[in-house]
Amino acid sequence: MSEDADVTELAKRRGFFFAAAEAYGGAAGFYTFGPEGAALKRNVEAAWRDRFALKEDNEEIAAPTIMPEPVFEASGHLDTFDDMLVECPECGESHRADHLVEGATDLEDAEALEPEAVADLIAEHDLVCPSCGAALGGQDVEEFNLMFETSIGPGSGQPGYLRPETAQGIFVEFPRLKEYARGKLPFGVTQIGPAYRNEISPRRGLIRVRELTQAELETFIDPETDEPDLEKVADVELRLYAAPEQQADAPAEEGYQELTVREAVDEGVVASDWIAYYLGVAQEWYERIGVDTEQLRFRQHLPGERAHYAADCWDAEAKIESAGGDWIEIAGFSTRSDYDLSKHAEGSGENFTVFKQYDEPKTVERPSVDPDMATLGPEFGGDAGAVAAALEELAERDPDAFEAAEVTVEVDGETYTVDTEVANFEIAEETEAGEHIVPHVIEPSFGVDRTVYTLIDHGLQRDDLGGEPRDYLSFAPEMAPTDVAVFPLVSNHEPLLDTASEVVSTLRAAGFDATRDDSGSIGRRYRRQDEVGTPFCVTVDRDGLEDDPETVTLRDRDTGAQARIPTDELVGQLEALHAGETDFESVLAQYETVEPVDG
RNA sequence: GCGGAUGUGGUCCAGUGGUAGGACAGUAGCUUCCCAAGCUACCGGCCCGGGUUCAAUUCCCGGCAUCCGCACCA
């Protein structure tokens with residue numbers, strides 16, 4: 001992170017990201033990732049997949065981005081994604097109409113009303129503009145649905161929406177996913193992909209966009225028995241900014257609590273063990289991918305801030321210098337309870353439960369009747385069915401009634417008397433092996449684009465090297481768009497060109513994303529790679545060709561230091577560096593170093 | 001959506017009622033054996049639409065986009 005370097009300018013010039021469809025004037029809130037940015041994003045996604053799917057033993061799916069309307073009716077997005085705004089005729093400010101009404105009346109869910117009804121309420125209660133005090137009565141209440149609507153199929157078709165979060169694609173498929181998990185909790189399902197929000201006013205480049213990439217994990221648990229393996233992250237240090245501290249009238253820094261995951265749980269700062277667990281996993285992951293942990297914190301949502309589904313929620317926030325030093329949300333960790341699965345069960349009528357086996361089967365006595373319809377039919381005619389049903393109901397409610405010789409039931413005000421024998425009453429012993437429960441959901445949800453932006457912002461450095469200022473991106477080797485660049489020291493000497501080509505081929509065969517550059521001076525080529533964050537450069541020079549065995553120089557991006565290493569040891573060293581098994585210090589200690597010449 | 005500012009080669013900027021220049025970047029060549037060197041040449045631009053005008057990149061209107069503030073950000 002560097003104050004005078006411009007992230008947006010670098011991103012455009014070097015192909016990280018830029019406004020989409022600029023040739024046609026563009027559309028706000030849409031960005032294209034250029035070659036460097038797309039590679040960086042791929043690496044972020046791969047690292048996330050490795051940590052949150054592979055290492056956690058969760059399964060990844062790929063659901064459609066468009067779903068039919070009932071999905072979002074059930075999920076609550078159709079209602080709560082609708083913001084009702086009213087504009088002040090005097091000062092022109094817009095306010096949440098539903099919030100104004102809720103503040104002035106007993107209504108708690110004004111959002112569920114029609115806009116016209118809300119406008120009427122505003123007039124009825126003589127509500128005024130909170131900013132300037134002008135009367136708002138008679139102003140139109142406008143509705144903004146933040147979901148992109150489309151229609152499925154020809155003609156008027158079936159209404160559908162682009163998903164506002166990837167999560168719903170997991171929730172609606174729960175009946176299948178639980179089968180795949182063989183009905184056993186806990187299990188987790190991940191998804192990485194785009195989500196769409198028709199923001200009223202996209203701003204600040206990549207930070208608020210209309211199409212974003214989410215990486216989400218839905219962990220399905222039995223809230224009564226399932227515990228996370230807290231030990232794995234118990235000692236990870238977190239910077240926590242809890243709700244009470246945010247409400248205190250003090251600078252943010254004073255409200256921070258630096259606690260380990262274990263301490264956060266023991267002291268009750270983070271109420272849910274599951275959330276604490278994922279905060280720890282996330283902290284480690286952020287360190288791994290190169291987020292500056294000095295610019296990272298976990299902030300608890302204030303009670304009024306939570307999403308419609310969330311019981312408790314913490315955000316990971318990164319401080320972004322290029323966004324004016326603001327803290328921006330880069331991930332959210334929510335306890336969604338059984339909200340989503342219950343809503344989809346209700347909306348679809350399908351089974352969104354899992355069967356929870358008891359440790360010991362329970363034996364219960366269940367009274368039942370099996371009325372002899374051959375007797376009841378002739379006796380009561382068309383009412384026989386209803387009488388049978390009434391007997392069943394009576395058996396559950398009052399089994400003792402069947403101890404008499406006759407039982408009486410009432411159907412539609414009429415009393416029927418039945419011989420107890422005809423009812424075939426008995427008390428059966430039934431064994432219950434378990435019960436059907438709706439799992440609860442713990443959701444870590446990451447914004448991939450914002451993470452990419454954070455890596456660029458935190459990684460961008462400016463220093464002096466060789467007596468000249470330079471900008472470079474200090475990406476972790478695992479994240480860098482290009483793994484290694486190979487240069488012939490000069491471009492007018494055939495053997496150097498040939499050897500450089502061979503080295504590139506060898507590196508590519510070993511799985512590296514290697515690039516080659518022989519245009520311009522060696523210094524210029526180093527700077528080009530520095531600016532896109534390539535961690536290592538290999539230079540083929542004439543001295544090296546004369547060595548036995550042949551050598552090349554290997555340069556470290558951050559320091560410019562160089563080691564002369566045998567060409568056939570290059571792949572091994574780079575693999576170790578890339579995997580974080582060694583660092584450049586060790587490489588320098590192991591080989592002859594090359595003194596850079598200033599100027 | 002409101003208010004303000006802005007929109008000129010790839011990038012950052014200057015400038016003009018008679019269609020425009022710099023710096024950096026890029027390409028080719030020469031040079032060059034380790035950190036944005038030099039020389040030569042080249043490539044490349046007035047956001048879009050309408051209006052005023054003999055003539056608009058310039059002035060006016062509208063649109064789109066970007067930045068800042070307000071609101072919004074489930």
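Sequence lines set the chain letters: A, B, ... in the order given, protein chains first and strands last, and positions in each chain run from 1.
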Between [atom2] of [N] and [atom1] of [X], the distance in whole Å:
X: A:Glu199; N: B:A65; atom1: CD; atom2: P; result: 14 Å
X: A:Arg527; N: B:A37; atom1: CZ; atom2: C1'; result: 12 Å
X: A:Gln529; N: B:C34; atom1: CD; atom2: P; result: 19 Å
X: A:Ile207; N: B:C67; atom1: CD1; atom2: C1'; result: 13 Å
X: A:Ile522; N: B:U31; atom1: CD1; atom2: P; result: 18 Å
X: A:Asp530; N: B:A25; atom1: CG; atom2: P; result: 15 Å
X: A:Glu73; N: B:A74; atom1: CD; atom2: P; result: 22 Å
X: A:Asp517; N: B:G26; atom1: CG; atom2: C1'; result: 12 Å

As a test of reading the structure: which of [options] is closest to the side chain of [X], going by heavy atoms?
X: A:Pro164; options: B:A71, B:A36, B:A74; answer: B:A74
X: A:Arg14; options: B:A36, B:A74, B:A71; answer: B:A36
X: A:Ser519; options: B:U27, B:A36, B:A74; answer: B:U27
X: A:Val490; options: B:C73, B:U32, B:A36; answer: B:U32
X: A:His77; options: B:A36, B:A74, B:G26; answer: B:A74
X: A:Arg528; options: B:A71, B:C34, B:G26; answer: B:G26
X: A:Ala28; options: B:C73, B:C34, B:U66; answer: B:U66
X: A:Ser491; options: B:A74, B:C34, B:U32; answer: B:U32

Rounded distance in Å between the [atom1] positions of [N] and [M]:
N: B:C46; M: B:A14; atom1: C1'; value: 13 Å
N: B:G49; M: B:U40; atom1: P; value: 39 Å
N: B:U19; M: B:U57; atom1: C1'; value: 7 Å
N: B:G51; M: B:G10; atom1: C1'; value: 33 Å
N: B:C61; M: B:G7; atom1: P; value: 15 Å
N: B:A25; M: B:C12; atom1: P; value: 15 Å
N: B:A23; M: B:C42; atom1: P; value: 14 Å
N: B:G1; M: B:U8; atom1: C1'; value: 30 Å

Remember a base hit wins even if backbone is also touched, and classify [X] as base, sugar-phosphate or nothing at under 4.0 Å, heavy atoms.
X: A:Ala27; answer: sugar-phosphate
X: A:Asn492; answer: base
X: A:Arg524; answer: sugar-phosphate
X: A:Glu546; answer: nothing
X: A:Thr8; answer: nothing
X: A:Arg555; answer: base

In chain order, what residues pass the side chain to side chain donor-acceptor pair (under 3.5 Å) check against [X], with sequence neighbours excluded?
X: A:Lys41; result: A:Thr213
X: A:Arg557; result: none
X: A:Arg210; result: A:Asn198

Distance test, side-chain N/O of A:Ser521 to OP1/OP2 of B:A36, below 4.0 Å: no
Residues in side-chain contact (heavy atoms from CB on, under 4.5 Å) contact with [X], at least two apart in sequence or another chain:
X: A:Gln246; answer: A:Tyr241, A:Arg299, A:Gln300, A:Leu302
X: A:Gln214; answer: A:Glu165, A:Thr166, A:Ala195, A:Arg197, A:Leu212, A:Glu216, A:Ser445
X: A:Thr567; answer: A:Val503, A:Glu550, A:Val552

Side chains of A:Asp556 and A:Thr559, donor plus acceptor under 3.5 Å: yes
A:Tyr526 and A:Thr539 side chains, donor-acceptor separation under 3.5 Å: yes
Main-chain N/O of A:Ser491 paired with A:Glu494 side-chain donor or acceptor, under 3.5 Å: no
A:Arg163 side chain vs A:Ala63 backbone, donor-acceptor pair below 3.5 Å: yes
Which atom pairs, one a donor and one an acceptor, fall under 3.5 Å between side chains of residues 528-538 of chain A and the rest of the protein, sequence neighbours left out?
| residue | atom | partner | partner atom | Å |
| --- | --- | --- | --- | --- |
| A:Arg528 | NH1 | A:Asp517 | OD1 | 3.4 |
| A:Arg528 | NH1 | A:Asp517 | OD2 | 2.8 |
| A:Arg528 | NH1 | A:Ser519 | O | 2.8 |
| A:Gln529 | OE1 | A:Thr534 | OG1 | 2.6 |
| A:Asp530 | OD1 | A:Arg555 | NH1 | 3.0 |
| A:Asp530 | OD1 | A:Arg555 | NH2 | 3.4 |
| A:Asp530 | OD2 | A:Arg470 | NH1 | 2.8 |
| A:Asp530 | OD2 | A:Arg555 | NH2 | 3.0 |
| A:Glu531 | OE1 | A:Arg13 | NH1 | 3.1 |
| A:Glu531 | OE1 | A:Arg14 | NE | 2.6 |
| A:Glu531 | OE1 | A:Arg14 | NH2 | 2.8 |
| A:Glu531 | OE2 | A:Arg13 | NH2 | 3.1 |

Earlier contact from the 5' end, RNA chain B, for A:Gly29 and A:Gly523: A:Gly523
A:Glu73 atom CD, over 12 foreign heavy atoms within 6.0 Å: yes
Dot-bracket summary - RNA chain B, pairs being Watson-Crick or G-U whose distances fall under 3.5 Å, with | when paired to another strand: (((((((..((((....[..)))).(((((.......)))))....(((((..]....))))))))))))....
Using nucleotides 7-14 of chain B, report all nitrogen or oxygen pairs with the protein that are shorter than 3.5 Å.
| residue | atom | partner | partner atom | Å |
| --- | --- | --- | --- | --- |
| B:U11 | O2' | A:Glu9 | OE2 | 2.4 |

Base B:C34 to side chain A:Tyr526, donor-acceptor N/O within 3.5 Å cut-off: yes
